[in-house]
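Each remark here refers to the structure printed beneath this line.
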There are 2 protein chains.
Amino acid sequence: MAEAKFEVIKRHITAKIESKAWAENAKVPSENELALKFNVSRMTARRALQDLTEQGLLKRTQGLGTFVACLKTQSSVLKIRNIADEIQQRGHQHQAHVISLSAIKAPTAIGIALELTPNAQVFHSQLVHCENDIPLQLEDRYVNALLVPKYLEQDFSQMTPHVYLSQIAPLTEARHTIEAISPSEAQCKLLQLDNFEPCLQITRHTYSAVGVVSVARITCPGSRYRLESHITI
Amino acid sequence: MAEAKFEVIKRHITAKIESKAWAENAKVPSENELALKFNVSRMTARRALQDLTEQGLLKRTQGLGTFVACLKTQSSVLKIRNIADEIQQRGHQHQAHVISLSAIKAPTAIGIALELTPNAQVFHSQLVHCENDIPLQLEDRYVNALLVPKYLEQDFSQMTPHVYLSQIAPLTEARHTIEAISPSEAQCKLLQLDNFEPCLQITRHTYSAVGVVSVARITCPGSRYRLESHITI
DNA sequence: AAGTGGTCTAGACCACTTG
DNA sequence: AAGTGGTCTAGACCACTTG
């Protein structure tokens, strides 16, 4: 199928709203009007309105109609930045220590996340990122070996895996999970923590047009690192 | 209309998953099977599966089938969501227990954050939000008394402070800081934690057109709550 | 080839809001 | 009474996955 009809209608409405041709709270054409205009069934017009409503762009009331919702209620500005840039911007020194870099059999969960066949090989890297020689992040990364065949040949003390991967397979999508955890003994050692303090753990799945590129687990001591997000409505 | 047929099917599937009768990644009956079993059209069965997929309970692959998704408490950093809505969307019960609600002299840091004169009064509320009677969040909030004079008269077991504040002074901006911390003894007691496990702490500053409305500190046990964010580029 | 989900149609009846 | 969104049907064709 070339392109779904409801997608065309969605794009049309979205364009109207983004160009301010339809203001906030303005009335949007009804299901019947859209069906007529786009020469589709009412169910297809409805699908477009429904999708945009769930997306937060429209709001609907039975008997009344469909209206443009208040804009930008959800704007993503959780920045998870390249750690090297972030440290340099603070005027500090960034060092990356490569703890390990090898090909391994994919752990089950990783294999599933990377959409690999069972027992496939993946590349695994483990780095400690330091700010002025103090460990700030432990980066455990699993990389799709099919998509990034030369991963093991890189020198990640010079260029972070994130930067390298962005060059090889530009990101189209990222998912983050943020948790508070107790670090393992091994993690404490690498992060030079003697008190098992709580850590932020960010699990990041990155996608490019060709597939799932990598899964990274980033562990940061709670006392040394925090995330910030800023939302404007 | 008494109750929508697709709601009945959704409830049936949700019950199967919550009772662990259907495990993670288990195959869910196909649209055709459900249509036959519930004596509805395929479109109606589809609607139930579709809703639960968007809700994150199921995942679907064309040609393969529909499966139980991995369950875990999830949220989004991108949206400022109401915790009550979030819990209800999972089909669970939300309870809010008001621990305290009073006027106090602003602690220095809070006074500065709220842009008040020294020694000004602020309203302080402390709530525990539960999901099916299990504490999920401890909410400590300081509110600008000049902007929200009737804060103390509200019943926050019925309406969350966030919802009330949004009505009084619509948000224009929010800042979040996300950290991993060790909970204090008092926090452990309120959250019914016996192991001092790491907690996510989200500090949220909210702004409206008229000024800084409130500063909230939200503490969530790491084992019960995590944040998720999704970025499309 | 058979089963799956994805899209789509042309109808239907309903509950709700407005004039 | 006319228009709106909400639910539902019984079909159809398609793309995708598996044996």
Side-chain angles (χ1 to χ4, degrees), chain A residues 1-14 16-17 22 25-70 111-112 114-118 120 146 207 209-212, chain B residues 1-14 16-17 22 25-69 89:
Chain A
M1 199 157 290
E3 182 179 22
K5 297 182 182 180
F6 71 85
E7 291 288 2
V8 175
I9 302 176
K10 281 170 69 174
R11 194 140 32 77
H12 173 256
I13 296 172
T14 305
K16 288 286 188 186
I17 294 173
W22 294 351
N25 296 312
K27 198 164 188 315
V28 166
S30 72
E31 296 179 354
N32 284 317
E33 288 169 332
L34 287 171
L36 203 67
K37 180 180 165 81
F38 284 90
N39 195 29
V40 298
S41 73
R42 193 192 136 205
M43 285 293 272
T44 299
R46 175 178 177 73
R47 167 77 187 268
L49 292 174
Q50 207 58 43
D51 277 12
L52 293 175
T53 302
E54 272 155 30
Q55 200 178 305
L57 211 59
L58 301 176
K59 51 192 175 186
R60 325 189 70 190
T61 312
Q62 192 173 16
L64 255 179
T66 304
F67 306 87
V68 178
C70 296
I112 292 169
L114 291 175
E115 297 174 0
L116 300 174
T117 53
L146 302 172
Y207 305 79
V210 282
V212 190
Chain B
M1 198 155 290
E3 183 179 21
K5 297 182 180 179
F6 70 85
E7 292 288 1
V8 175
I9 302 177
K10 280 170 70 175
R11 195 141 32 78
H12 173 256
I13 295 172
T14 305
K16 288 287 190 186
I17 293 174
W22 293 351
N25 296 314
K27 198 166 186 315
V28 167
S30 71
E31 296 179 356
N32 284 318
E33 287 168 335
L34 287 171
L36 202 67
K37 180 179 168 81
F38 285 89
N39 195 30
V40 298
S41 74
R42 193 194 133 204
M43 284 294 272
T44 300
R46 175 180 177 73
R47 166 78 186 268
L49 292 174
Q50 206 58 42
D51 278 12
L52 293 174
T53 301
E54 272 154 31
Q55 201 179 307
L57 211 60
L58 301 176
K59 51 193 174 185
R60 326 189 70 190
T61 312
Q62 192 174 19
L64 254 179
T66 304
F67 306 87
V68 178
Q89 204 165 42

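Each chain gets a letter, A, B and so on, in the order the sequences are listed, and its residues count up from 1.
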Would you mind telling me which of dG5(C), dT7(D), dC16(C) lies closest to the side-chain atoms of E31(B)? dG5(C)

Go through DNA chain C and write down every stem, that is, every run of at least three consecutive Watson-Crick or G-U wobble pairs with distances under 3.5 Å, as range with range. C:1-16 with D:3-18

R47(B) with E7(B): basic N within carboxylate O range, under 4.0 Å: no

For dG6(D), take OP1 and OP2 only and decide whether either is under 4.0 Å from a side-chain N or O of R46(A). yes

Please give me the minimum heavy-atom distance between A45(A) and A35(A), naming the atom from each residue. CB-N, 3.8 Å

What is the distance, rounded to the nearest whole Å, between atom CZ of R47(B) and atom P of dG5(C)? 17 Å

As a test of reading the structure: which of dT7(C), dT4(D), dG5(C) is closest to the side chain of K27(A), going by heavy atoms? dT4(D)

Any side-chain N or O of T61(B) under 4.0 Å from OP1/OP2 of dG5(C)? no

Residue T66(A), side-chain heavy atoms: nucleotide from dT7(C), dG5(D), dC8(D) that is nearest: dG5(D)

Taking OP1 and OP2 of dG6(C), is either one under 4.0 Å from a side-chain nitrogen or oxygen of Q50(B)? yes

Rounded distance in Å - CZ (F6(B)) to C1' (dC8(D)): 10 Å

Does S30(A) make a side-chain N or O approach to OP1 or OP2 of dG3(D) shorter than 4.0 Å? no

For L64(B) and dT18(D), give me the distance from atom CG to atom P, rounded to whole Å. 5 Å

Could you check whether E54(B) pairs with R60(B) (Lys NZ or Arg NE/NH1/NH2 to Asp/Glu carboxylate O, under 4.0 Å)? no

Might you confirm whether atom NZ of K37(A) has over 12 heavy atoms from other residues, nucleotides or ligands at distances under 6.0 Å? no

To the nearest angstrom, how far is E54(B) atom CD from dG6(C) atom C1'? 13 Å

To the nearest Å, how far apart are L58(B) CG and dG5(C) P? 11 Å

Collect all protein-nucleotide pairs involving nucleotides 9-12 of chain C in which both atoms are nitrogen or oxygen and the distance is under 3.5 Å.
residue : atom : partner : partner atom : Å
dT9(C)  : OP1  : K5(A)   : NZ           : 2.9
dT9(C)  : OP2  : S41(A)  : N            : 2.8
dT9(C)  : OP2  : S41(A)  : OG           : 2.9
dT9(C)  : OP2  : T44(A)  : OG1          : 2.5
dA12(C) : N6   : R42(A)  : NH1          : 3.2

